[in-house]
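All of these numbers come straight from a predicted model, not from anything done at the bench. All values below were derived from every heavy atom in this structure, side-chain atoms included, with hydrogens, water molecules and symmetry-related copies excluded. For ligands, and for the atoms within them, numbers begin at 1 and follow the listed sequence.
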Amino acid sequence: MRLILLGPPGAGKGTQAQRLVARHGIIQLSTGDMLREAVANGTPIGLKAKAVMDAGKLVSDDIVIGIVADRIEQPDAARGFILDGFPRTVPQAEALDSMLAEKGLKLDAVIEFKVDQTKLVERILKRAEETRARGEPVRKDDDPEVFKTRLEAFNRDTAVVAPYYAERGLLVAVDGMKPIDEVTRDIADVLETV
Ligand code: AMP
């Protein structure tokens, strides 16, 4: 199974991706995680991406497309994957189409998390508090001001990705404002139909 989880930052994509991993035994490919790892390891990509990420802006399509292309070549991606945080622009979506077409593969579904953006800031503050309470470092881009920039980037560049997949008959929506377990159930229901 090959899925995309689409929605603004803080919509719960990462949480649901982890549950899908556990349920379906496929891998989660989060470009945000991959970029954070590159930053932590000080790789050339990490060095380029760090300031952009800290500011809540989008890393260039070339960089992100490159890391996804490399990652889906890995043997553990052969059984399927959940893309979380990619594609975030139409050029990224087009590049993914070409990568999959070259391999003779297709997407099964694109799950759009519908959310109330005014409530997302509250949610992100809570996520930062919980992370701090666990004694873990809080993501720099979960700062409320940077979070607003991330939302703006979503509305400017990523909101057009949902219609892209709707036109291709792949888009299904879930209500991302429901409690986590309900969203998980709704996704399971949606996946029965694709
Ligand atoms: P995320 O963990 O998905 O919220 O991503 C964290 C940050 O990584 C974003 O704010 C961007 O700076 C960068 N990033 C992650 N995925 C992408 C992508 N597909 N395109 C551009 N930038 C990305």
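Each of the atoms 2 (O), 6 (C) of ligand 1 lies under 4.0 Å from some heavy atom of Arg36. Near Gln92, meaning under 4.0 Å from any of its heavy atoms, are these atoms of ligand 1: 18 (C), 19 (N), 20 (N), 21 (C). Every atom of ligand 1 with a heavy atom of Arg139 under 4.0 Å away is listed here by number and element: 1 (P), 2 (O), 4 (O), 6 (C). Contact atoms of ligand 1 toward Leu35: 8 (O), 13 (C), 14 (N), 15 (C), 23 (C) (distance under 4.0 Å to a heavy atom of the residue).
A salt bridge links Lys140 with Asp54: the distance from a Lys NZ or Arg NE/NH1/NH2 to an Asp or Glu carboxylate oxygen falls below 4.0 Å. Asp142 and Arg150 are joined by a salt bridge, as a carboxylate oxygen and a charged side-chain nitrogen come within less than 4.0 angstrom of each other.
Of the heavy atoms in Leu58, both backbone and side-chain atoms come closer than 4.0 Å to ligand 1. At a heavy-atom cutoff of 4.0 Å, ligand 1 is contacted by no atom of Asp61, backbone or side chain.
For atom 15 (C) of ligand 1, the nearest non-hydrogen atom of the protein is Arg88 NH1, 3.3 Å. Shortest contact from atom 12 (O) of ligand 1 to any protein heavy atom: Lys57 O, 2.5 Å. The nearest protein atom to atom 22 (N) of ligand 1, hydrogens excluded, is given as Val59 N, 3.0 Å; this is a heavy-atom distance. Atom 16 (N) of ligand 1 has as its closest protein heavy atom Thr31 OG1, 2.7 Å.
Put simply, the side chain of Arg79 never gets that close to the backbone of Asp76: no donor and acceptor are under 3.5 Å apart.
For atom 4 (O) of ligand 1, the nearest non-hydrogen atom from the set Met34, Met53, Lys50, Arg150 belongs to Arg150.
The heavy-atom pair separating Met99 from Ala69 by the smallest distance is SD-CA, 3.8 Å.
Side-chain polar atoms of Arg19 and Thr184 form a donor-acceptor pair below 3.5 angstrom. Ser60 and Asp62 share no donor-acceptor pair across their side chains, judged by distance under 3.5 Å alone.
In terms of N/O distances under 3.5 Å, ligand 1 is approached by Gly85.
Hydrophobic clustering, defined by side-chain heavy atoms of Ile, Leu, Val, Met, Phe, Trp and Tyr closer than 4.5 Å, groups Leu5 together with Met1, Leu3, Leu20, Val21, Ile26, Ile82, Ile111, Phe113, Val172, Val174, Val183, Ile187, Val190, Leu191, Val194.
In terms of the side chain to side chain donor-acceptor pair (under 3.5 Å) criterion, residue partners of Arg36 (sequence neighbours excluded) are, by chain and number, Asp33.
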